[in-house]
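Everything on this sheet refers to the single structure shown next.
Chain identifiers are assigned alphabetically (A, B, ...) following the order of the sequence lines, protein sequences preceding nucleic acid strands; residue numbering begins at 1 within each chain. Bear in mind the structure is a predicted one, so any value in this text is a computation, not a measurement. Note: hydrogens, waters and symmetry copies are ignored here, and every other heavy atom, side chains too, is used.
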Number of protein chains: 2
Amino acid sequence: MTDGSPEPVRVRGRRPPQGDPVVDRAFALLAAFDAGHRSLSLGELSRRSGIPTSSTLRLAGRLMAWGALERGSDGRFTIGLRLWEVASLAPRGQGLKQVALPFMGDLEEVTRQHVLLAVREGTDALLVERLSAHQAMDVLYRVGGRLPLHSTGVGLILLAFAETAFQESVLDQPLVHLPENVPVSPAALRRTLAEIRRDGTATLRRRAPQPLVSVAAPIFGADDRVAAALSVVVPQENAEPRLLGPAVRTAARAISRGLGARRAIGVPPA
Amino acid sequence: MTDGSPEPVRVRGRRPPQGDPVVDRAFALLAAFDAGHRSLSLGELSRRSGIPTSSTLRLAGRLMAWGALERGSDGRFTIGLRLWEVASLAPRGQGLKQVALPFMGDLEEVTRQHVLLAVREGTDALLVERLSAHQAMDVLYRVGGRLPLHSTGVGLILLAFAETAFQESVLDQPLVHLPENVPVSPAALRRTLAEIRRDGTATLRRRAPQPLVSVAAPIFGADDRVAAALSVVVPQENAEPRLLGPAVRTAARAISRGLGARRAIGVPPA
DNA sequence: CAGTTGTTTTCCATTGAGCGGCATTGTGCC
DNA sequence: GGCACAATGCCGCTCAATGGAAAACAACTG
């Protein structure tokens, strides 16, 4: 590649004309990790974050000194436990989980299947906790993983009770159900959401990978707005939505009360 | 307080002669949060991190843009869910928990009390997960919280199987049992640790706040070194260490196998 | 409602901390 | 040994980060 373009002179030591702020870069390093890449070599880290190797090394060193990253004997980086420690103080993460867990346990004992707790983060639902009975069917999602809003029980709850402007922005985009890859009709979804708001429960049936029913209900926070969604996921055959709905709603209310909600659970909107 | 010292001239706009690197400051902001301070105002954040208000605001802004911090309608900062999301990728946190949870569940069902999973972080044990049966006695520690190495079951395991140099550094310090505040004899602790290494189980009795017994066992990682400790905590009266020991060790072995340990659990050190 | 006090936000002149290309060293692999 | 690639060490040049001052805002008080 013979240089034909007016390449900016790369003097040794010349500061790059444009570089993201240090803090952003540091967090870009953290963001380079995901479920499929829980450990990265220096080179991988550099490539995935788009930061030159030498800078990556320097920054990663800082992060290691603090404990945000750890480095194994093989030289590979992983997310550090110290980061996990402070992150466990996130009110919408561990804080929520702490309040919800006992009630989720009750629900698990009754249904003997999966119990999910999720909150909205950006345009996804984020799975905060999952309880799965031993004899439960195959697990679906990972704690800390993201779920689509429009094709999961918890997601539908979070979407139905989100601000109108946000709902519209979601409805404006082309949506498909996964994994069947069936397109979602905006009009149908709109009706579904209205229905969910009306009776405070979302029921979602799904055929693949196996026939299942998810029944979800909203959890209200201290500000009386929807803070999270609770759901049970059971195989289609032994589903009894008539029983599951009230059970999930009851547990969700108990959690709401634990979070300090008042108006929202006391007086249902007329 | 009239200024008597030769104060360095503080010219407006003068860059401070000494300031920690940006990255360290950013993480100092995160470190300002703890179990008793899950939400902080700008002023509190500034005071607790030792960073001037204006710099705190600027940095906090960056952290918020990324999602490491969130700010409520009341203007108070909290740890953000995005941070929790990446932190959930920590192999020694969520990763370990994921493998251990089913086996911990078995143990809980048998003992009907508390089951603890902890790893070593610095000079403390860090509680990665806790399962507590409904009828279990009062809870002790918080997930994400720290436990002393020398006066908890899991702590003793982690200490007994740590590198010798680290053990010595701990033994060199004056130690007391909490909450009784009884000093620990280094010689006695040394004997205890040797015993723990010999039979692969730690048994700790404690009188306050209520009589309880903790039985702990080591969990080995893929590198065949002790990666974590597992324990059950039961009230003194219905304690049957003869049964608990094998149960905990069995579960710990199962988890070790799940983590990829070979030598350590296959051939016990002669 | 003006006065007081405390907190949050904006503004900006200054400078050292962060920058990345390059050179060197380390580590397999054939 | 020879090659390819990953990791680390080095260094002079800048502009991003800096914190005090001041303004804006909020909450009480008499």
Side-chain angles (χ1 to χ4, degrees), chain A residues 1 3 5-30 32-33 37 39-66 68-78, chain B residues 1 3 5-30 32-33 37 39-66 68-78:
Chain A
M1 201 190 286
D3 181 76
S5 62
E7 197 73 21
V9 190
R10 279 262 163 245
V11 188
R12 179 152 160 17
R14 176 65 154 276
R15 197 188 198 171
Q18 165 266 40
D20 285 350
V22 214
V23 183
D24 295 9
R25 293 172 157 235
F27 283 98
L29 289 186
L30 296 182
F33 293 85
H37 302 85
S39 91
L40 298 170
S41 73
L42 179 63
E44 288 166 341
L45 195 52
S46 164
R47 249 166 285 132
R48 289 176 60 89
S49 61
I51 301 172
T53 331
S54 41
S55 300
T56 300
L57 183 65
R58 180 166 19 86
L59 281 174
R62 287 264 162 69
L63 296 193
M64 282 174 59
W66 189 82
L69 289 182
E70 292 176 9
R71 195 165 200 187
S73 50
D74 55 354
R76 297 180 69 82
F77 294 93
T78 57
Chain B
M1 202 192 286
D3 180 78
S5 63
E7 197 73 18
V9 190
R10 282 258 162 250
V11 188
R12 182 158 165 357
R14 175 66 153 274
R15 196 189 197 171
Q18 164 264 41
D20 285 351
V22 214
V23 184
D24 295 8
R25 293 170 155 237
F27 283 98
L29 289 186
L30 296 182
F33 294 84
H37 302 83
S39 91
L40 298 170
S41 73
L42 178 63
E44 288 166 343
L45 194 52
S46 164
R47 250 166 283 134
R48 289 176 59 90
S49 61
I51 300 172
T53 333
S54 41
S55 300
T56 300
L57 183 66
R58 182 165 17 87
L59 282 173
R62 287 263 160 68
L63 297 192
M64 281 174 58
W66 190 82
L69 289 181
E70 292 176 7
R71 196 166 198 186
S73 50
D74 55 354
R76 298 181 68 81
F77 294 94
T78 57

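Dashed line: the shortest gap from a side-chain N or O of R25(A) to OP1 or OP2 of dG18(C) is not under 4.0 Å.
The distance from atom CD1 of I51(A) to atom C1' of dA7(D) is 17 Å, rounded to the nearest whole Å. Between L59(A) atom CG and dG9(D) atom C1' the separation is 16 Å, expressed in whole Å. Distance D74(A) CG to dA6(D) P: 15 Å, rounded to the nearest Å. Put simply, CG on D24(A) is 12 Å from C1' on dA16(D), counting in whole angstrom units.
Evaluation of the ring-ring contact (aromatic ring centres under 6.0 Å, His included) rule for F77(B) yields no partner, not counting sequence neighbours. For the side-chain contact (heavy atoms from CB on, under 4.5 Å) test, residues two or more places apart in sequence or in another chain that qualify with R76(A) are S39(A), S41(A), E44(A), D74(A). Every side chain to side chain donor-acceptor pair (under 3.5 Å) that R48(B) has, sequence neighbours left out, goes to D34(B), H37(B).
Axis orientation changes by 50° from one end of the helix from dC1(C)-dG30(D) to dC30(C)-dG1(D) to the other, with each end axis drawn from 5 pairs and the value rounded to 10°.
Between the side chain of R58(B) and the base of dG19(D) there is at least one donor-acceptor pair of N/O atoms closer than 3.5 Å.
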What N/O pairs connect the protein and nucleotides 6-9 of chain C at under 3.5 Å? Give each pair on its own line.
unit_1	atom_1	unit_2	atom_2	d
dT8(C)	OP2	G43(B)	N	2.8
dT9(C)	OP1	R71(B)	NH1	3.3
dT9(C)	OP2	R71(B)	NH1	3.1
dT9(C)	OP2	R71(B)	NH2	3.1

Taking only distance into account, with no hydrogens and no angle test, what donor-acceptor pairs under 3.5 Å do side-chain atoms of residues 54-62 of chain A form with protein atoms, sequence neighbours excluded?
unit_1	atom_1	unit_2	atom_2	d
S55(A)	OG	R58(A)	NH2	3.3
T56(A)	OG1	I51(A)	O	3.0
T56(A)	OG1	P52(A)	O	2.9

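To the nearest 0.5 Å, atoms CG (D24(A)) and OG (S49(A)) are separated by 12.5 Å. Summarising the geometry, atom CG belonging to L45(B) is positioned 10.0 Å from atom OG1 belonging to T53(B); distances are rounded to the nearest 0.5 Å.
Using a 4.0 Å heavy-atom criterion, one finds that R76(A) contacts no nucleic acid atom at all.
With contacts defined as side-chain heavy-atom distances shorter than 4.5 Å, the pair L69(B)/L30(B) qualifies.
Relative orientation of the F27(B) and W66(A) rings is tilted, given thresholds of 30° and 60° on the angle between their planes.
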